[in-house]
Each structure stands twice: as C-alpha cells, then as structure tokens.
Visitor: 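Have a look at the structure that comes next, please.
Convention: sequence-line order gives letters A, B, ...; per-chain numbering from 1.
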2 protein chains.
Amino acid sequence: MTISTRGRYALRVMAELAEHGNEFIPLKSVAERQNISQKYLESIMTGLSKAGLVEGAHGKGGGYRLCRAPEDYKVREILEITEGELAPVACLKKEAPTCEMAERCRTLPMWRELYKTLNDFFDSYTVADLVSGSEEDKGSWII
Amino acid sequence: MTISTRGRYALRVMAELAEHGNEFIPLKSVAERQNISQKYLESIMTGLSKAGLVEGAHGKGGGYRLCRAPEDYKVREILEITEGELAPVACLKKEAPTCEMAERCRTLPMWRELYKTLNDFFDSYTVADLVSGSEEDKGSWII
DNA sequence: CTTTTTACCTACCAATCTGATATGTTGGTA
DNA sequence: TACCAACATATCAGATTGGTAGGTAAAAAG
C-alpha cells in the first residue's frame with residue numbers, strides 16, 4: 001500500500017520546476033539539491049516528457065520546464081503516469097480479467113469506494129498546492 | 001499502491017466466519033468456496049490467530065471462528081495485521097529513519113493527509129459492514 | 001569545428017516482495 | 001486407532017523496486 005519513489009520524486013521535481021517559472025532547470029541541479037540519483041531522475045522525467053507534461057531542452061541552458069501553469073497539473077495525473085493506475089486492488093485494474101466471483105465478493109464494494117476516495121484525494125491537489133502548501137508551513141509558526 | 005492478496009483474503013475469510021456465527025469453519029471449505037489455496041490461507045490465518053482475532057480448534061469439527069461480534073472488528077485492524085502499516089509512503093512508517101529533508105519536503109504534508117484519509121476510511125468499515133453490504137447489494141435490483 | 005552541456009536511449013542488476021507449494025508435526029474427535 | 005484440521009518451517013518462481021552503466025543526439029559556446 002505504498003507509492004514508490006518514482007511517483008514521489010516526480011512530484012518533487014514538478015514542484016521545483018513550478019517554483020522556477022519559465023526557466024529550464026537541468027536535472028543535475030535538481031538531483032543535487034534533492035539528493036536523488038541523477039540517472040534515476042532522468043528515467044522518470046522521460047516519461048513525463050513523452051506524456052507532454054514537461055518540455056526538455058538540450059545543451060547548455062537546457063533542462064526541463066513545465067508546459068502549463070502549476071495549478072493545471074493535478075497530482076493524480078502525475079502519479080498515474082509514473083506509477084500506473086492507482087487502483088488499490090488488482091481486480092479493479094483495467095487490464096485485469098473480469099473476476100467471476102465479483103458479484104458475490106464481500107469486499108469489492110469497499111474497494112470501489114476506496115478507489116473513488118483515492119481518485120478524489122489526488123484530484124484535489126495540484127502542483128501549485130504542493131508549492132504554496134509548504135510555503136505556508138514555513139511561516140506558520142509566526143503569528 | 002495496492003493491497004495484496006494477504007489482506008484481501010483475510011477480509012473475505014473474516015466475512016465468511018461472521019456469516020457462520022459461533023461455528024468452527026475449516027479452512028478447507030473456505031478455500032474451496034472462495035477458490036483460494038488452502039495452504040496459503042493457513043499462513044494468513046495463523047497471523048490472525050496469534051493476534052487474537054480468531055480462535056482455532058484442532059481435529060474433526062474444528063476450524064476457525066471469530067472471538068468478537070463482527071461489528072467489533074474494524075477493517076483497519078485486520079489489514080494492519082496482514083499487510084503491516086498502511087502508510088502510503090515509506091518515510092511515514094514507524095521504522096523509517098527520520099528524513100533530514102522532512103522540513104523542506106514539498107510533498108510530505110500531502111502524504112500525511114493521505115495517511116489520515118486512509119486510516120479514517122478503514123476505520124469506518126467493520127466486518128459486519130462487509131457482510132451486510134453485500135446482502136443489500138444482492139437485493140438492490142429488486143424494487 | 002570542437003568542446004561542453006544537457007536530454008534521451010538501452011541494457012543490466014541486486015535486493016525485496018508476492019503468492020504461493022511442499023512436507024511435515026501437534027493436538028483433538030469419532 | 002484412524003482421521004481431521006490447525007500449526008510450523010522451508011523453499012521457490014516471478015514480478016517489482018530502485019537503482020547503475022554506458023552510451024547517442026542535439027544544442028550552445030568557444
């Protein structure tokens with residue numbers, strides 16, 4: 001029942017790109033700041049680039065930047081690209097063979113409800129929320 | 001982001017035990033009805049037995065039965081025994097080393113919120129709900 | 001045109017988890 | 001004594017996780 005590092009790192013990079021506006025940010029600097037393997041990050045960002053969430057630029061002054069405004073990226077979209085479907089049980093995945101016990105399964109209704117809860121949760125967060133959320137936290141002890 | 005078969009099977013067995021009241025039910029019959037490997041079920045039920053959720057009886061007429069009323073088993077309790085902690089990210093687990101980036105982590109607040117959402121969700125379901133839920137479903141198409 | 005910088009591509013790998021199977025032993029019932 | 005069923009322990013194939021290694025392609029700077 002865990003989100004792997006792929007999805008977690010992807011969100012952290014997206015948040016960092018959001019903070020830098022329109023600039024291209026090289027992964028080298030992100031990897032150093034966040035203490036993540038650069039090569040591993042590359043494999044994650046390639047997926048986001050192919051999906052059209054970020055734009056990559058080669059050469060000096062290159063790197064990655066967002067294609068949309070931070071508030072237009074739902075966390076769910078990013079996680080689905082990096083982690084695959086967020087179905088909490090195997091039998092709810094699209095590629096799963098239809099279970100012949102589905103109609104008399106005592107737990108399936110609960111799993112469906114959980115799936116909905118998860119999707120709603122991740123739809124309610126955007127990349128902009130990630131950035132501003134932690135900014136608020138920074139100052140929250142000052143009253 | 002999935003619950004494994006261990007937790008799912010455990011819930012289905014608990015629901016079946018609940019339906020049979022005070023009787024001891026042998027795993028052989030459960031395994032046949034639910035089309036699950038009996039030996040695999042044994043390893044799952046041993047954990048629940050050690051944790052005091054079910055009572056096992058040897059010999060003919062033996063099997064497993066619940067120790068409490070079905071409405072006194074929260075789904076969360078059963079899942080935590082079979083699956084371990086339900087923390088959605090590794091860094092929220094108790095045994096995890098405290099992350100030195102925690103204070104400036106842009107995503108941690110969201111994960112904490114998700115953890116709470118999951119715990120609330122699984123606290124809101126009991127074994128009694130699993131049983132009665134599917135009973136309702138059975139009749140729901142008759143109006 | 002060469003060097004540097006960066007994304008992008010392909011292959012591999014060790015460790016761990018998943019979902020079992022196999023082979024018993026212990027304890028209780030008929 | 002025969003049988004049944006929980007309980008115990010070892011093993012295992014396949015997938016997933018979290019990377020590493022070693023390159024190619026494109027763009028900018030000199």
Visitor: Pick one: which of A/T126, A/D120, A/N119 meets side chain to side chain donor-acceptor pair (under 3.5 Å) with A/R76?
Guide: A/N119
Visitor: Does B/S4 place a side-chain N or O at less than 4.0 Å from the phosphate oxygens OP1/OP2 of C/dG19?
Guide: yes
Visitor: Take the protein atom CZ of B/F24 and the nucleotide atom C1' of D/dA5, then report the distance between them rounded to whole Å.
Guide: 12 Å
Visitor: Using a heavy-atom cut-off of under 4.0 Å over every strand shown, decide if A/I25 touches base, sugar-phosphate, or nothing.
Guide: sugar-phosphate
Visitor: Report yes if a side-chain nitrogen or oxygen of A/Y9 is closer than 4.0 Å to either non-bridging phosphate oxygen (OP1 or OP2) of D/dG19; otherwise report no.
Guide: yes
Visitor: Under the side chain to side chain contact (heavy atoms under 4.5 Å, CB included) rule, collect the residues that match up with B/R112, sequence neighbours excluded.
Guide: B/L92, B/L108
Visitor: Between atom CD in B/E95 and atom P in C/dT16, what is the gap in whole Å?
Guide: 14 Å
Visitor: Grab the CZ-P distance between B/R8 and C/dT18 for me, whole Å please.
Guide: 12 Å
Visitor: Does any N or O in the side chain of A/E83 come within less than 3.5 Å of the main-chain N or O of A/G7, such that one atom is a donor and the other an acceptor?
Guide: yes
Visitor: Starting from P on D/dA5, measure out to CD on B/E23 and report it in whole angstrom.
Guide: 13 Å
Visitor: Just the rounded figure in Å: distance from P of D/dA25 to NZ of A/K60.
Guide: 23 Å
Visitor: Run the salt bridge (Lys or Arg N to Asp or Glu O under 4.0 Å) test on A/E19 and B/R106 for me, step by step, so that the C-alpha distance in whole Å, both residues' side-chain angles and the decisive distance to 0.1 Å come before the verdict.
Guide: CA-CA 11 Å; A/E19 285 183 311; B/R106 252 127 203 92; 2.8 Å; yes
Visitor: Contact class for A/G63 vs. all strands (heavy atom < 4.0 Å): base, sugar-phosphate, or nothing?
Guide: sugar-phosphate
Visitor: Assign B/Y64 to base, sugar-phosphate, or nothing according to its heavy-atom contacts below 4.0 angstrom with the strands shown.
Guide: sugar-phosphate
Visitor: Can you name the salt bridge (charged side-chain N to carboxylate O under 4.0 Å, His left out) partners of B/K94, sequence neighbours left out?
Guide: none
Visitor: Just how far, in rounded Å, is C1' of D/dA26 from CD of A/E55?
Guide: 14 Å
Visitor: Do A/Y125 side-chain atoms and A/K74 backbone N/O form a donor-acceptor pair below 3.5 Å?
Guide: no
Visitor: Which residues in residues 33-47 of chain B have at least one heavy atom lying under 4.0 Å from any atom of DNA chain C?
Guide: B/S37, B/K39, B/Y40
Visitor: By nearest atom, which of the nucleotides C/dA7, C/dT29, C/dT26 is closest to the B/H58 side chain?
Guide: C/dT26
